[in-house]
Amino acid sequence: MSIFNDNLERLKEIQVLGDIGDSEMKILLEPAQVNYLEIDIKGKKYPAWRIIYSRAIGPGKGGIRYHQDVSEDEVKSLAFWMALKNSLADIPYGGAKGGIKFNPKEVNQTELEEISRAYIDNFYPYLGQDKDIPAPDVYTNGQVMSWMLDEFEKKVGHHEPGMITGKPVELGGIALRGDATAQGGYLVTKELVNKFLPDKKDIKVIVQGFGNAGLFMTEKLDNDGYKIIAVSDSQGGIYNSNGLNIKDLIDFKKSGESVIKYKGGKVITNSQMLELDTDILVLAALENQITEDNAKNIKANYIVELANGPVTYEADKILAANNKIIVPDILANSGGVIVSYFEWAQNKTGQILEEEYLRNLLEKKMIGNWGKVYDQYVSYNGKITLRQSTYLIAVKRILAAEKYRGRI
Ligand code: NAD
């Protein structure tokens, strides 16, 4: 199953809805630059990519993923979504993504550092604060960003903290980055509830994926009184119809255990969990979780995509036919890149901004972006999905930038 083909199908719909000509559309169908090579560490080979999808609005921007299933199709799709996400969020970036195909759970810290530094040794000519700016993604974190920054600065011979975001504060990162994606997702989920479920009490939530995005999101919803009935990680899920004790479960997960070892609920598989009865389903793991095979069994009326691409194109159509509302990835998880933008701007100007000011700015941006998407959705009288509304806004801004550049 090609994720990128799904994107092309979605673009075809947007072309019709947005009345976009073929020559304009052509510019969106191919990435601007694909870099691929095999990182060689003592004879062991690691396939690695850095793909810039668009440079229309600004330099490349997007995370680096470490996972055994990383492929060119996946990195290209993630880079495409970054281009749309940055455009929708109104921040001055194109879109990019990187990845290395290996299982990070099978290497020790020394090997992880070697692989991370080798990635930069190979790709550094294409990176930089005004060329392409990486960040963390699945199984990469502040430590990995630190090694990468250090290696980059060794190569170029000067300090350039703005070449990467998601760094620890000691290296020019900002405190907000840790839970930014979850905070953004939480803010749009509250907007969703205000619009679609204003009077509902005891809202039930299920969260797939209990890492950076999913865990913090669960914590925020729990603090607000939502009833979290199931969560999962790569090992499986844990379910309690009366609601899980989230504070306890988070402490347990942080001790390094899988949620399935937690005693406060029933162990279920990830696929069983997706089909449970709930109000909101938060997808915060990986792509292709809801497909044409399980879409018809989804009971949640509202889906929030904190992960990138968790619902396939075919599944989208089935869910829409069943009146399910999806808050799409390029809106729901954009808090991460918006705060990355704050970090980058701070690194470039040298000005340090107060955390409270940045938190307010993030809130204003997320709610403003939700508003643009929702208002357009309403203006179509329910004839488009929220995803189509986000794509229309994002694609039009990229094409306007390309037109000013004279490429159209
Ligand atoms: P992470 O590595 O911190 O966590 C991933 C979580 O998903 C882990 O708990 C892992 O056990 C779980 N998982 C893996 N495979 C699973 C499966 N098959 N079923 C259920 N759970 C599974 O990663 P993250 O940063 O939280 O990223 C999660 C998703 O959010 C990704 O799609 C990522 O691209 C997206 N995202 C993250 C950020 C961010 O700032 N962290 C920003 C935007 C988008």
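Counting starts at 1 for both ligands and their atoms, following the listed order.
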Quiz item: Of the options Y139, Y119, F102, which is the one that meets Y66 in a ring pair (Phe, Tyr, Trp, His ring centres under 6.0 Å)?
Solution: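 For Y66, the ring pair (Phe, Tyr, Trp, His ring centres under 6.0 Å) check succeeds only for F102.
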Measure from [atom] to every heavy atom in [options] and give the option owning the shortest one.
atom	options	result
atom 33 (C) of ligand 1	N212, D137, N333, T269	D137
atom 28 (C) of ligand 1	A284, A307, S258, G166	A284
atom 31 (C) of ligand 1	G209, A285, A213	A285
atom 8 (C) of ligand 1	G309, G211, G237, A332	G211

Exercise. Could you list which atoms of ligand 1 come closer than 4.0 Å to a heavy atom of L286?
Key: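 Reading through ligand 1 atom by atom, the close ones are 15 (N).
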Identify the closest protein heavy atom to [atom]: which residue and atom is it, and at what distance?
atom	value
atom 12 (C) of ligand 1	S234 N, 3.8 Å
atom 38 (C) of ligand 1	T181 OG1, 3.5 Å
atom 18 (N) of ligand 1	Q289 OE1, 4.4 Å
atom 35 (C) of ligand 1	L306 O, 3.5 Å

Quiz prompt | Main-chain N/O of G172 paired with N347 side-chain donor or acceptor, under 3.5 Å | solution =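 Judged by distance alone, yes, a pair lies under 3.5 Å.
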Quiz item: Should R397 and D90 be marked as a salt bridge (Lys or Arg N to Asp or Glu O under 4.0 Å) after you check the CA-CA gap, both sets of side-chain angles, and the distance that decides it?
Solution: CA-CA 9 Å; R397 182 165 178 241; D90 228 343; 3.3 Å; yes
Practice problem: Using a 4.0 Å heavy-atom cut-off, say whether Q208 meets ligand 1 through its side chain, its backbone, both or neither. | Solution: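 Just the side chain.
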Quiz item: With a 4.0 Å cut-off on heavy atoms, is E287 touching ligand 1?
Solution: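 Judged by the 4.0 Å heavy-atom criterion, E287 does not count as contacting ligand 1.
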Exercise. Could you tell me if the ring centre of Y93 sits under 6.0 Å from that of W344?
Key: yes
